[in-house]
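This report refers to the structure that appears directly beneath it.
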Amino acid sequence: MIEALNEIFSSNRVKTDADSLAHWGRDWTRNFKVAPRAVVFPDTVEEVTALVRWAGRTQIGLVPSGGRTGLSGGAVAGNGEVVVSFDRMNRILAFDPVDHIARCQAGVVTQQLQEYAKARDLFYPVDFASAGSSQIGGNVSTNAGGIKVIRYGMTRNWVAGLKVVTGTGEVLDLNRGLVKNATGYDLRHLFVGAEGTLGFVVEAEMQLAPLPDPQSVMVLGVPRLPDVLAVLGRFREIMPISAFEFFSELALQKVTAHRKLKRPLAEAAAFYALVEFDRANAEAALTLFEDCVEKGWVTDAVLSQSDAQAKDLWQLREGISESIAPYTPYKNDVSVRIAAVPRFLEEVDAVVRAAYPDFEVCWYGHIGDGNLHLNILKPAALDGTVFYERCHHISPRIFEIVERHGGSISAEHGVGLLKRDFLAYTRSPAEIAAMRALKQVFDPHGIMNPGKLFPS
Ligand SMILES: Cc1cc2nc3c(=O)[nH]c(=O)nc-3n(C[C@H](O)[C@H](O)[C@H](O)COP(=O)(O)OP(=O)(O)OC[C@H]3O[C@@H](n4cnc5c(N)ncnc54)[C@H](O)[C@@H]3O)c2cc1C
């Protein structure tokens with residue numbers, strides 16, 4: 001096998017040492033077995049094609065690997081697969097100054113594209129805490145969301161074209177940056193969010209947006225969770241908002257301790273809302289805040305007075321994932337329609353309190369999109385496997401509530417290995433059958449990220 005791989009890639013681009021297998025064989029998760037047989041680093045689309053054809057002949061599974069910041073085990077290789085890292089295909093190949101489209105190799109880091117756009121007085125609006133490591137190929141394959149979805153939508157909205165290598169080794173050039181293209185099935189969108197199960201994204205034409213006006217950030221203390229939604233409603237009545245996030249007091253304690261940050265408000269509240277909006281609306285936001293205090297929804301707030309202060313306030317939300325990582329949290333990333341959020345939260349909270357009386361439960365998320373991150377933190381003394389099994393066992397009770405509210409068991413992190421057993425809470429049998437049929441078309445040998453999304 002190594003000989004065959006060395007024929008496709010020069011030898012320094014095939015790694016089999018234990019450290020490399022452990023490093024590239026997994027994503028941000030820590031609960032899954034990691035056991036790839038090799039890691040390869042293609043430089044060209046032709047090499048990816050040759051690899052796929054070889055894998056089809058030999059029936060060896062391929063695991064696409066981006067920045068490995070995924071939170072669902074999508075890029076974990078646990079069964080002797082070959083990991084295909086896009087770390088070397090990391091160039092922005094072209095820029096179209098009329099259509100404002102950047103043609104990126106799959107391994108371009110998200111932040112690299114953000115900076116590239118900024119240097120041209122443009123804006124790449126998909127943003128989240130792992131943007132400094134995650135790659136465009138990974139973002140497309142998970143349809144990444146993040147903190148600006150409320151205004152700009154998900155990664156899908158910014159994919160103007162895709163070049164993919166399917167599981168048969170076919171190269172497809174999908175949509176080619178067209179705004180209008182009414183010629184049947186838009187296969188581009190099948191590959192967005194496919195988690196590498198249909199083929200490799202090798203290039204993506206990413207649409208850039210105009211630069212936004214200067215932004216302000218306000219953090220508000222909110223004693224009751226349903227009132228966070230009431231505050232969101234008031235903001236939306238008055239002004240366009242770019243972000244609306246929430247986090248609990250426990251999340252604030254973790255992030256302030258981890259990053260040595262100052263607490264935003266003099267008094268603690270059970271929950272906090274972080275709102276971002278055009279600076280031109282700062283006065284209106286202050287009036288709105290007073291109104292919310294009068295209604296009893298909000299106790300206190302802080303409004304950024306500079307870009308630096310806005311950045312500091314954002315750290316309170318953006319640093320949470322990193323601050324709880326040492327507790328190897330069991331992550332739930334669920335969504336419901338915004339109108340259903342208050343009732344949904346109440347029901348989930350009751351289950352969680354009853355099921356985990358001895359665990360710390362950390363709530364935060366993109367509540368303005370109906371997307372909540374529920375993190376159960378592992379007590380230091382508890383064995384990791386026991387903890388994982390216990391949480392996994394309780395998950396169906398949460399997913400039953402998700403199902404009843406017509407929600408999704410994975411809002412933006414993807415299904416991967418973590419949610420694979422629970423797909424049926426969100427997708428009907430007919431939908432799953434259609435997905436399997438599509439997989440058969442693009443990956444008839446079953447070599448593309450086997451065992452992810454649904455059991456192989
Ligand atoms: C601190 C932190 C904060 C985060 N916040 C958010 C957030 O707010 N919103 C959000 O959506 N996500 C968030 N994430 C999750 C993660 O960053 C995203 O899912 C991101 O899109 C993953 O990109 P990646 O390059 O790291 O992909 P990886 O983890 O490497 O892979 C993700 C999936 O894509 C597949 N894949 C990777 N590259 C390719 C390719 N070229 N072709 C085909 N398939 C491919 C992999 O096989 C895997 O299934 C966060 C993660 C961390 C660690």
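Ligands are counted one by one from 1 in listed order, and the atoms in each one are counted from 1 as well. All values below were derived from every heavy atom in this structure, side-chain atoms included, with hydrogens, water molecules and symmetry-related copies excluded.
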Neighbour count >12 (heavy atoms, 6.0 Å) for atom [atom1], [X]:
X	atom1	result
R30	CZ	yes
W54	CH2	yes
E431	CD	yes

Specify side chain, backbone, both or neither for [X], according to which of its non-hydrogen atoms lie closer than 4.0 Å to ligand 1.
X	result
A106	side chain
S321	side chain
K452	neither

Taking 4.0 angstrom as the limit and counting only heavy atoms of [X], give me the atoms of ligand 1 inside it, by number and element.
X	answer
N449	47 (O), 49 (O)
A144	11 (O), 21 (O)
N139	20 (C), 21 (O), 23 (O)
G199	43 (C)
T142	19 (O), 20 (C), 21 (O), 32 (C), 33 (C)
G196	43 (C), 44 (N)
F200	42 (N), 43 (C)
G74	47 (O), 48 (C), 49 (O)

Will you find, in the side chains of [X] and [Y], an N or O donor that is under 3.5 Å from an N or O acceptor?
X	Y	result
Y272	E245	no
Y388	T328	no
H405	R337	no

Is there a donor-acceptor contact under 3.5 Å from the side chain of K452 to the main chain of V76?
yes
Give yes if a backbone or side-chain nitrogen or oxygen of [X] is under 3.5 Å from a nitrogen or oxygen of ligand 1, and no if not.
X	result
I147	no
F86	no
D27	no
A129	no
G66	yes
H413	no
P64	yes
E412	yes
T69	yes
Q135	yes

Does R151 form a side-chain hydrogen bond (donor to acceptor under 3.5 Å, both in side chains) with S242? I'd like the steps, not just the answer.
CA-CA 5 Å; R151 191 153 186 174; S242 313; 2.7 Å; yes
Judged on heavy-atom distance to [atom], which of [options] sits nearest?
atom	options	result
atom 14 (N) of ligand 1	G70, S130, S323, G193	S130
atom 35 (C) of ligand 1	G146, A131, S141	S141
atom 38 (N) of ligand 1	A325, S72, G138	G138

Has R120 got its NZ or CZ under 6.0 Å from the middle of the six-membered ring of Y116, at an angle within 45 degrees of the ring axis?
yes
Supply the atom-to-atom distance [X] [atom1] to [Y] [atom2], rounded to the nearest 0.5 angstrom.
X	Y	atom1	atom2	answer
Q207	L122	CD	CG	9.5 Å
E318	I147	CD	CD1	4.0 Å
L274	R317	CG	CZ	8.5 Å

Out of F359, Y356, Y327, which one pairs with F387 under the ring pair (Phe, Tyr, Trp, His ring centres under 6.0 Å) rule?
F359
Matching residue for F41 among F86, F9, W24 - test: ring pair (Phe, Tyr, Trp, His ring centres under 6.0 Å):
W24
For T110, which residues count as a side-chain hydrogen bond (donor to acceptor under 3.5 Å, both in side chains) partner, sequence neighbours excluded?
S134, N139
May I ask whether [X] places a heavy atom under 4.0 Å from ligand 1?
X	result
E322	no
E318	no
G416	no
G107	no

Around [atom], find the nearest protein heavy atom and jot down its residue, atom name and distance.
atom	answer
atom 24 (P) of ligand 1	G67 N, 3.4 Å
atom 28 (P) of ligand 1	R68 N, 3.6 Å
atom 11 (O) of ligand 1	G145 N, 2.9 Å
atom 31 (O) of ligand 1	A75 CB, 3.8 Å
atom 5 (N) of ligand 1	F128 CB, 3.7 Å
atom 42 (N) of ligand 1	V201 N, 2.9 Å

Before giving the answer on side-chain hydrogen bond (donor to acceptor under 3.5 Å, both in side chains), spell out for D127 and Q114 the whole-Å C-alpha distance, their side-chain angles and the decisive distance to 0.1 Å.
CA-CA 8 Å; D127 196 14; Q114 291 168 344; 3.1 Å; yes
Test side-chain hydrogen bond (donor to acceptor under 3.5 Å, both in side chains) on D278 and Q215 and set out the steps.
CA-CA 5 Å; D278 294 350; Q215 300 289 296; 2.8 Å; yes
Please step through side-chain hydrogen bond (donor to acceptor under 3.5 Å, both in side chains) for the pair S321 and Y364, ending with a clear verdict.
CA-CA 9 Å; S321 266; Y364 60 95; 3.1 Å; yes
Check: H392 ring centre within less than 6.0 Å of F422 ring centre:
yes
